Structures are given as C-alpha cells and as structure tokens.
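Okay, so here's the structure we're looking at.
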Amino acid sequence: MRFAANAPPPMLDLLVAPLATAVAARLGRLPGEIAPLIGPPAKGQGADLALPCFQLAKSANRNSAQLAADLATLEVPGMALSAAGPFLNAALQPATVAGVLLPVLAGDPLLCLRRDHGEGKTVCIDFSSPNIAKHLAFHHIRSTMIGNALARLYGACGWRVVRINFLGDWGTAFGRLISAWHREGLTLAQLDAAPDRVTFLNELYVRASQAEKADPAKEADSRRWSKALEDGDAEARHLWQIFKDASLAEFQRIYALLGVGFDSWKGEAFYEDKMGAVLAELESRGLTKVDQGATVVDLSALGLKKPMLLRRADGGSLYATRDLAACDDRWKDYAFDRSLYVVDLGQALHFKEWFACAALLGRAYADRLRHIGFGIVLLWNDEPGEGLEPGWARGRTRGGKVMLLREVLEESVDRARAVIAEKNPGIEGDERERIARAVGVGAVVFNDLKNARTNDVKFKFEEALRFDGETGPYLQFAHARLCSIERKFREAFPQAPAGDPARIARDDEKAVLIAIARLGSALDRAVESDEPSQLAQGLLALAAAVSAWLTAGSKDDTARVLVEDAALAASRLRLVRAARAALGEGLRLLGLEAPERM
RNA sequence: GCGCUCGUAGCUCAGCUGGAUAGAGCGCUGCCCUCCGAAGGCAGAGGUCCUUGGUUCGAAUCCAAGCGAGCGCGCCA
C-alpha cells in the first residue's frame with residue numbers, strides 16, 4: 001500500500017484525532033482504525049467531519065443507524081455530535097479548530113504544505129526537453145509547467161529533486177543548418193544581432209530545405225555535414241555548439257519568465273557515443289534479433305506483443321536506446337528512488353516498451369520509472385471549411401502557424417497590465433510591470449495545471465486569458481486582499497495584542513481553517529499520483545472560503561478583521577496570516593508568483 | 001484488429017480513491033460597493049453522471065461487455 005492510504009496528514013489529523021480516539025474507546029478499537037474512516041460530510045448537514053458507520057456496525061454485528069445514534073452520545077470537547085441515519089456527524093466549534101491549528105501555524109505557517117515522507121529519497125524529473133534551433137511552441141508549456149510543479153511538490157515532501165532537461169540537440173537537421181550557414185556565408189555576429197536567434201535559425205532551416213529540394217548537390221552537402229558532425233569534425237561541432245548556445249539563450253528568457261530552472265541539461269547528443277554499450281549488452285545476452293535489417297528486442301515475455309526497435313537497418317540509433325543509455329547514466333549519477341518522464345500521452349507505448357526493456361535487462365531501477373503522460377492542447381477552430389462544424393481541433397491556428405509560447409505569455413501579460421491600470425491605477429512603473437508578469441503568466445500556467453493532466457487542454461485565447469472565475473488571478477487576488485488587510489492592520493494597531501484563537505467564532509472563519517488543514521492531503525495526493533491539479537483544486541477551495549469570509553465583512557461590520565476591538569482584530573489577523581501564507585506557498589508550489597498587491 | 005486516454009449541467013471541468021439530496025466556473029436571471037480590494041460575494045434556473053449487466057448494505061467512483069470521441073501501433077523523436 002502507498003504511504004497515504006491510512007495516514008491522515010498532520011493538520012487534518014489534529015482535528016480528526018479527538019473524534020477517532022473517543023469512538024475507538026467506545027468500541028474497543030484502535031484510533032488508527034477509526035481515523036481513516038472519517039471523511040468530509042454531506043453538504044447542508046452543518047457538520048465538518050463525518051463517520052459512516054456501515055463497516056463498524058457490520059463488524060460489531062449491530063444496526064448502523066443505532067450505532068451512529070449510540071456514538072452521538074459521546075462527549076468530545078469542542079465538537080457537537082449528531083446522528084443522521086447511519087452517519088455520525090461532528091460539527092466543530094470555530095474556536096476549537098482555531099485553538100488546534102493556529103498555534104501550530106504560528107510556529108511555521110508553511111507547515112500546512114510540508115510533508116516528510118520523501119526524506120532521504122531522490123527523484124529525477126525529465127521535463128520540458130525541447131528541440132534546439134526550434135521555438136518553444138505553446139504546447140511546451142504542458143511538460144514544462146507540470147514538471148516544474150512536480151519538482152516543487154516533491155521538494156515540499158522532503159525529496160531531493162533532480163530537474164533534467166533532455167534537450168533534443170541531435171539529428172540530421174544540423175547538417176542541413178551547417179551546410180546552409182556556409183553557403184550563405186553567415187557569421188556569429190549576424191546571428192547575435194537577430195532579435196530572436198531561434199527565429200534566425202528557423203528561417204535558415206526553411207531556406208535550406210527549399211534549396212535542397214531544388215538542387216541535389218546541396219542535399220549531398222547537407223549529408224556530408226551531418227556525417228562530419230557525427231564523426232566529431234571540429235568545425236561542424238563548433239557550429240553545432242553555436243546553434244545550441246543561441247537556442248539555449250532564447251529558451252532561458254522564457255524559462256526565466258516562467259520561473260523554471262534545471263539541474264542537468266544533458267541532451268541527446270551527450271548519449272550519442274554511449275548507446276553502443278547498451279546495444280552490445282542486449283546482443284550478448286541474446287535478447288535481440290534482426291528483422292528486415294533492423295535490430296529489435298522481443299518483449300512478449302513482458303506482455304508486449306510487438307517487438308521494440310533498437311537500431312535502424314542503416315545502423316542509425318533510435319531513441320529507445322538513447323533513453324536506456326541516459327537512464328543508466330542517471331542511475332549512476334543519482335541512484336534515484338523514482339524517475340519521472342513528463343511527456344505527452346502519445347508516447348505512452350514508447351515508455352512502456354523501454355521500461356519493459358529495462359526490466360528485461362534486470363536493471364535495479366526498472367520499477368522506479370514512471371511515465372507522466374498528459375493530454376494535448378486543442379485549439380478552437382472557427383473556420384474548419386468544407387461545411388464542417390466549428391470545434392476543437394489539434395494543431396495550428398492563425399494561418400497554419402504554430403502558436404509560440406512566448407506570444408501567448410506576452411499577450412496574457414499585456415491583458416494583465418491593462419486590467420491593473422484600470423483597477424489599480426496606484427500601481428505604476430516597474431512594480432506594475434512585475435505584477436503584470438506575475439498575473440499574466442500565472443493565468444496561463446494555472447489554466448494548464450488546474451485540471452487532471454491526462455485531459456486535453458482546450459485553449460481559446462479569450463477564455464484562457466480571462467481573469468475571473470477559477471483562475472490563477474483569482475487565487476492571487478485572494479492572496480493580495482489578505483496582504484492588504486495585514487498592511488492595514490499594522491497601521492491601525494501599531495501595538496497590537498497577541499490575539500487569541502478562542503476569539504475565532506464565525507463559521508466562515510472555520511471554513512477557511514479547514515480548507516487550510518485539507519491542503520496537506522491535497523499535497524499527498526498530488527505527489528502520489530503525480531497530479532498537480534490535486535493541489536490546484538485545494539487552493540481554489542481555500543480561496544473561495546477566503547473570499548466568502550472577507551466579502552462578508554463588506555456588508556457586516558462585525559465580520560471584519562479590522563474591528564475596533566484590538567484583541568479581536570489581532571485574533572482574526574492570525575487567521576489572515578495563516579491563510580495568506582498557505583495561499584502564497586500553494587501558488588509557489590504550482591509555479592505561480594503571489595504578488596502582495598495587484 | 002490490438003493498445004492507451006476519455007465520456008458528469010448549454011460550454012469548460014471538479015467530485016478528496018465505494019458513502020447521505022452529484023458540485024464549481026463561464027453563460028443566463030435577480031441582488032450586494034459612503035469600498036478591511038466588486039479580478040469579489042449572495043440567491044435562482046439548469047443534470048437518464050454514455051448504455052447494459054455484475055460486485056456491494058451502498059456505485060458517477062470498482063469489474064465486464066457494448067456505443068461514441070481522440071491518440072498511438074518497426075526503421076522520427
């Protein structure tokens with residue numbers, strides 16, 4: 001069983017424990033047997049915890065409704081118990097919840113989003129992995145930000161995290177580029193002068209392809225350069241390195257905007273001379289055979305009907321072999337306990353195959369590999385043509401061009417800047433620019449992370465870049481409101497009293513506390529299922545509770561944080577702090593910034 | 001043909017690993033700013049949870065079959 005199956009996380013456990021202990025004592029069971037049965041109640045019951053009594057009744061050979069009624073007579077401090085048919089409901093007093101949680105969070109407000117079950121363990125995360133000399137297209141956001149979020153989520157659970165960008169930096173395209181570069185007599189100065197060096201290389205590539213179609217001699221020249229590059233020719237390698245450096249510099253601009261970094265940039269080229277060993281090992285063990293000139297490995301023993309291709313008929317290497325060689329290298333360097341490959345679901349079979357191949361080779365790491373698949377980006381097509389209905393379609397838009405990640409981010413930042421100028425004209429200059437980036441980028445990133453990763457993402461500019469509803473800016477806004485109240489509190493109460501959890505008495509305040517307490521289990525689920533949306537949904541629930549609470553204060557003066565009674569205000573401020581820290585940390589774990597104003 | 005991912009409100013999606021009357025955002029209707037930030041909140045209308053069987057005290061959730069959609073299935077990565 002997985003670790004989380006019957007171990008409630010600390011925060012929520014603090015609330016559940018007294019109930020579990022009391023029930024266990026009455027029934028002669030262990031609290032650890034009862035706690036996992038306690039879950040959220042049905043809506044409209046006015047309860048915070050619920051215990052369905054079916055299983056307990058069965059094992060005690062009793063009627064479930066009678067058992068619930070019996071348990072409802074228990075006395076648990078700070079809780080009102082009631083039976084509703086076969087359910088035991090527990091309504092917690094706000095002050096009780098506050099008394100349990102606020103002192104813990106005062107010590108370390110990030111504790112609600114920290115776990116330690118990854119201590120001493122290492123996870124490798126292979127993500128983003130673009131091809132060089134090509135643009136980061138919009139769809140690259142998926143691998144990049146899912147991988148980034150997972151890296152942070154694992155980190156929050158105590159794992160040592162190795163972030164790997166497995167660059168696509170090898171292939172025949174480079175022979176073509178080198179050939180055209182020479183033919184056109186280009187210089188490094190010209191490349192560096194380009195507004196976008198990847199665009200420069202892209203256009204060179206397009207010209208080269210067209211030229212080759214018209215002239216076999218040029219095609220032959222490309223092939224010569226490809227061969228030279230493979231053979232380690234100094235000039236070819238030098239130019240290849242220039243193309244690679246220029247591409248990485250452009251990538252880094254976007255990674256910086258997204259707040260993403262990597263520990264390893266070893267790409268495909270690095271493994272070019274390291275695949276022979278893996279192939280030789282497979283061959284020497286008699287696991288391979290030759291079929292139609294290609295070298296394949298039979299995986300039928302592991303339930304895969306078709307063999308996997310290891311080497312082309314012309315002797316060229318294939319990327320399954322490259323993945324195996326890279327994995328051996330990572331195992332040697334990091335001795336990982338888990339290794340994630342954040343790659344779209346279209347490649348599921350490829351991963352299944354080479355994972356099986358690793359098992360066949362008896363690799364110790366074979367069962368530590370996980371393919372983290374995700375759905376594709378679909379774009380709305382208004383004019384499909386030929387009488388087809390408008391609808392969601394894979395692929396390109398705007399005249400057949402791929403949508404670039406940078407373009408989408410810039411458009412979103414522009415929109416955010418306009419909204420800030422309108423709603424909060426007091427924010428100007430550098431600060432406005434910084435916040436526009438945080439909000440605009442955050443909107444795009446959260447849109448990508450809020451739903452299950454295996455779903456396809458349906459992208460419409462107007463809808464993905466809106467800032468109302470369940471969006472990144474919605475979370476950021478709730479955070480900014482809390483920050484604002486903290487600022488005003490410091491002005492209004494320079495010498496504030498300490499605050500007392502016992503003064504927390506409102507149901508909407510309790511709802512905020514419970515939403516915070518549930519974040520820990522959301523983090524557990526996010527890591528165990530490699531699913532950032534689990535935390536995203538938890539944060540939406542917290543922000544909704546915060547917004548309802550704070551908005552109540554605009555109609556009802558007594559509901560405000562900043563009431564005249566300084567002791568009450570200070571008490572409520574402790575809740576503001578806890579919620580602000582939880583939201584801010586949750587946003588950061590997903591890879592969004594949490595501005596204090598917006 | 002085989003495999004993978006899906007099918008929940010008009011649209012886009014949640015549904016905490018089997019629990020009580022299935023929830024949210026957008027859109028629609030009606031409210032709430034002399035403002036602790038309306039990028040917000042409250043209320044309302046709106047669903048044979050694709051179908052049929054099975055397991056179970058209990059199924060949107062697990063199993064099987066079928067229907068429908070998308071994507072893969074030997075020299076690209």
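These numbers were taken from a predicted model, which means no experiment stands behind them.
Nearest heavy atoms, A:Ser547 versus A:Ala478: OG-CB, 4.3 Å. Here the shortest heavy-atom pairing between A:Cys112 and A:Met11 reads CA-CG, 3.9 Å.
Using a 4.5 Å heavy-atom cutoff, the side chains of A:Phe374 and A:Leu345 are not in contact. A:Leu88 is not listed as a side-chain neighbour of A:Leu49, based on a closest heavy-atom distance of 4.5 Å or more. Between A:Ser317 and A:Arg322 the shortest side-chain heavy-atom distance falls below 4.5 Å. Side-chain contact check for A:Leu318 versus A:Arg311: every heavy-atom pair is 4.5 Å or farther apart. Counting heavy atoms from C-beta on, the side chains of A:Val278 and A:Glu283 never come closer than 4.5 Å.
The aromatic rings of A:Phe166 and A:Tyr271 lie tilted to each other, with the angle between the two planes from 30° to 60°.
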Q. So A:Tyr341 and A:Arg370, side chain to side chain donor-acceptor pair (under 3.5 Å) or not? Walk me through it.
A. CA-CA 6 Å; A:Tyr341 293 84; A:Arg370 289 187 181 187; over 6 Å; no
Q: Determine, for nucleotides 33-46 of chain B in 5'-to-3' order, which nucleotides have protein heavy atoms under 4.0 Å from the base (write B), from only the sugar-phosphate (write S), or from neither (write -).
A: ---BBSBBS-----
Q: Would you mind building the protein contact string for nucleotides 12-20 of chain B? One character per nucleotide, 5' to 3', B for base within reach (heavy atoms under 4.0 Å), S for sugar-phosphate only, - for untouched.
A: SSSSB--BB
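Checking the phosphate oxygens (OP1, OP2) of B:C57, a side-chain nitrogen or oxygen of A:Lys58 falls inside 4.0 Å.
When the C1' atom is used for both B:G66 and B:A24, the distance is 32 Å, rounded to whole Å. Comparing the P positions of B:A60 and B:A9 gives a spacing of 15 Å, expressed to the nearest Å. As rounded to the nearest Å, B:U12 and B:C4 have C1' atoms that lie 24 Å from one another. Nucleotides B:A43 and B:C62 are separated by 38 Å at their C1' atoms, to the nearest Å. Here the separation of B:C6 from B:G40, taken at their P atoms, is 31 Å to the nearest Å. If you take atom P in B:C42 and the same atom in B:C33, they sit 16 Å apart, rounded to whole Å. Between the P atoms of B:A59 and B:C49, the separation comes to 13 Å (whole Å). As rounded to the nearest Å, B:U17 and B:U61 have P atoms that lie 15 Å from one another.
A glycosidic torsion no more than 90° from 0 defines the syn conformation, and B:C33 adopts it. Regarding the sugar-base torsion, B:U17 falls in the syn class, its angle being within 90° of 0.
Atom NE2 of A:His139 and atom C1' of B:C71 are 15 Å apart (whole Å). For the pair A:Asp298 CG and B:G74 P, the computed distance is 16 Å after rounding to whole Å. Distance A:Lys352 NZ to B:U5 C1': 12 Å, rounded to the nearest Å. The distance from atom CD of A:Glu353 to atom P of B:G74 is 9 Å, rounded to the nearest whole Å. Atom CD1 in A:Ile376 sits about 14 Å away from atom P in B:C6, given to the nearest Å. Counting to the nearest Å, the P atom of B:G3 and the CG atom of A:Leu302 are 17 Å from each other. Rounded to whole Å, the distance from CZ on A:Phe459 to P on B:C26 is 19 Å. Distance CG (A:Leu309) to P (B:G74): 9 Å, rounded to an integer number of Å.
Within the 4.0 angstrom heavy-atom criterion, only backbone atoms of the sugar-phosphate kind lie near A:Glu268; the bases stay farther away.
If you check B:C2 for Watson-Crick or wobble pairing at under 3.5 angstrom, you find it paired to B:G72. For B:C62, the paired nucleotide is B:G54, the pair qualifying as Watson-Crick or G-U wobble because both relevant distances are below 3.5 Å. Across every strand in view, B:G37 sits unpaired, with no contact that passes the Watson-Crick or G-U test at under 3.5 angstrom. Figure legend. B:G44 is base-paired to B:C28; pairs are counted as Watson-Crick or G-U wobble with both atom distances under 3.5 Å. The partner of B:G23 is B:C13, by the rule that a Watson-Crick or G-U pair needs both atom distances under 3.5 Å.
The side chain to side chain contact (heavy atoms under 4.5 Å, CB included) test applied to A:Ala569 returns A:Phe489, A:Phe493, A:Val563, not counting sequence neighbours.
For the atom pair CG (A:Asp508) and CG (A:Leu550), the distance works out to 9.0 Å, reported to the nearest 0.5 Å.
Judged by the 6.0 Å distance and 45° axis criteria, A:Lys352 is not positioned over the aromatic ring of A:Phe355.
Comparing B:C75, B:C71, B:C4 by their closest approach to the side chain of A:Arg394 singles out B:C71.
Both A:Thr454 and A:Lys43 lie close to RNA chain B; mapped to their nearest nucleotides by heavy-atom distance, the more 5′-ward contact belongs to A:Thr454. Annotation: of the two residues near RNA chain B, A:Lys306 and A:Arg322, the 5′-most nearest-nucleotide partner is A:Lys306.
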